[in-house]
2 protein chains.
Amino acid sequence: MSTAPGPPDLSPPLPPLPLRERKKRRTRQLLVDTSLELFTERGFGKVTLDELCDSVEVSKRTFFRYFSSKEDVAMAPTQDLWLTFLDVLDTADLGPADRPVLLLVQDTLLTALDRTTTDDWAHRALLSHNLIEQTPSMDAHGLHFCDRTTRSALATLHRRLDIPDPADLRPRLALDMVVAAFHCALTTWASTPTDSLSAHTRQAFTALASAATFPATPRGDG
Amino acid sequence: MSTAPGPPDLSPPLPPLPLRERKKRRTRQLLVDTSLELFTERGFGKVTLDELCDSVEVSKRTFFRYFSSKEDVAMAPTQDLWLTFLDVLDTADLGPADRPVLLLVQDTLLTALDRTTTDDWAHRALLSHNLIEQTPSMDAHGLHFCDRTTRSALATLHRRLDIPDPADLRPRLALDMVVAAFHCALTTWASTPTDSLSAHTRQAFTALASAATFPATPRGDG
DNA sequence: CATCAATGTGCCACTGAGTGGCATACGCGC
DNA sequence: GCGCGTATGCCACTCAGTGGCACATTGATG
């Protein structure tokens, strides 16, 4: 009410969600969870959007106000992670100067992982990953999303770092290397989910360091 | 006229194509060229398959016997290159022992490029690449195809090379690095087609060698 | 408490990609 | 010329995704 400068609010933003917003988030989350469940049970192709929408009691028209495609809804976990990654890259401390971009990006991804891995995110991510591996169109959409994320991250790097030559390919390549390593980590994690995704990712980064010199020994005879 | 045994043909495999095969190839090529033309003119989304099929005087049903999707037809140039890459990787000499896989794969890709770059392949590839950059669904399908190709190549590496640990991530990472570098090369080539794609690729490989150590200097203040 | 604006949602009709099935026409060997 | 296999055309169908409009819910205002 008053615009008079009273004591500044210190901890009120707890229930600032306008109730309207909460319903939206609940609906969205319900769509994600239900789709993961149905797709995992019966396969991506065997579930129609009408069925999914009926299960959540939402019209198909509404579905497309939340997600851009049938594939999109089941990739929410991965997308959350990458959006967090972009956020961290945008705001976090850049660390010691002149450290390789590769290491900077690796740390950024690990930080994003720590921030994302909560509740049953791991469970959802696992279901999502398995679906992606079985569903070509989901794989395609996922790779495309990764690519856009990489471009966005590259723009951030150019904004926050002093990169003399704007056409230098190496920052982009460093980003791609980290993404490739993380994809490897996701795969190994999916088949051995006992270790944390974070641990698998660190392992993949280690492998990355010596990937360029890995020798090609012909089989059998020389 | 005469079926009498004259001197045996020394270079006869020139027209061994059973005539039927030639029509198929002509139709296929016509579909590719026409789609590149129409999509480039008016945009991927503004051209329906019915229009394309009418232009080539082919039924939609037939179209899908040649290509798996609307996106697929306009990506033929890139796919030709990667299929050649797989073929070279499958058959070519592996070079000196214990050379890094990374270099082996780089050479393989350059060989495939030499073998593919003919006629107006470059022209087609350029149109295709520009379309991919403007069309999200084509980009997605292209990345997916690359991913499958990489997996296939990895299988070939495991077959032809002596890789002690089948779970070692480094061969896969080396492959991904080469693919990433080539994508960079494609992009720079598309904006500067005066140099050959081969030259751009070599440059990207050079950048790749020092990408891991590229320093991240914070902008302005340290 | 009545009302109004904004926004989220439902419904309906529509386009267009992609598929299955069956009849037909063409290329090829006999 | 005659059958055989294969490529093609045609038709009807499913389903993802879009546009438009009418309706309900939220939250603010008098």
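No experiment lies behind these values; they were computed from the predicted model shown. Numbers restart at 1 for each chain; the letters A, B, ... are given by sequence-line order, proteins then strands.
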Any side-chain heavy-atom pair of B:Phe85 and B:Leu113 under 4.5 Å: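 Side chain of B:Phe85 against side chain of B:Leu113, heavy atoms only: no contact under 4.5 Å found.
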
Nearest-neighbour nucleotide for the B:Ser69 side chain, C:dG18, C:dG10, D:dT8 considered: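 Side chain of B:Ser69 sits closest to C:dG18.
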
Does [X] have a side-chain nitrogen or oxygen under 4.0 Å from the phosphate oxygens OP1 or OP2 of [N]?
X	N	value
B:Lys23	C:dG27	yes
A:Ser59	C:dG10	yes
B:Thr48	C:dG16	no
B:Tyr66	D:dT8	yes
B:Lys24	D:dA7	yes

Can a salt bridge be assigned to the pair [X] and [Y] using a cut-off of 4.0 Å between side-chain N and carboxylate O?
X	Y	answer
B:Arg148	A:Asp139	no
A:Glu51	A:Arg42	yes
A:Arg124	A:Asp80	no

Position toward the 5' end of DNA chain C (nearest nucleotide), B:His141 or A:Thr27: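 Result of the comparison: A:Thr27.
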
A:Thr62 or B:Phe63, whichever maps to the more 5' nucleotide of DNA chain C: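 With A:Thr62 and B:Phe63 compared, the 5'-side residue is A:Thr62.
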
Sugar-phosphate only, base, or nothing, as touched by A:Glu51 at under 4.0 Å among non-hydrogen atoms: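 The answer is nothing, as A:Glu51 stays clear of every strand by at least 4.0 Å.
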
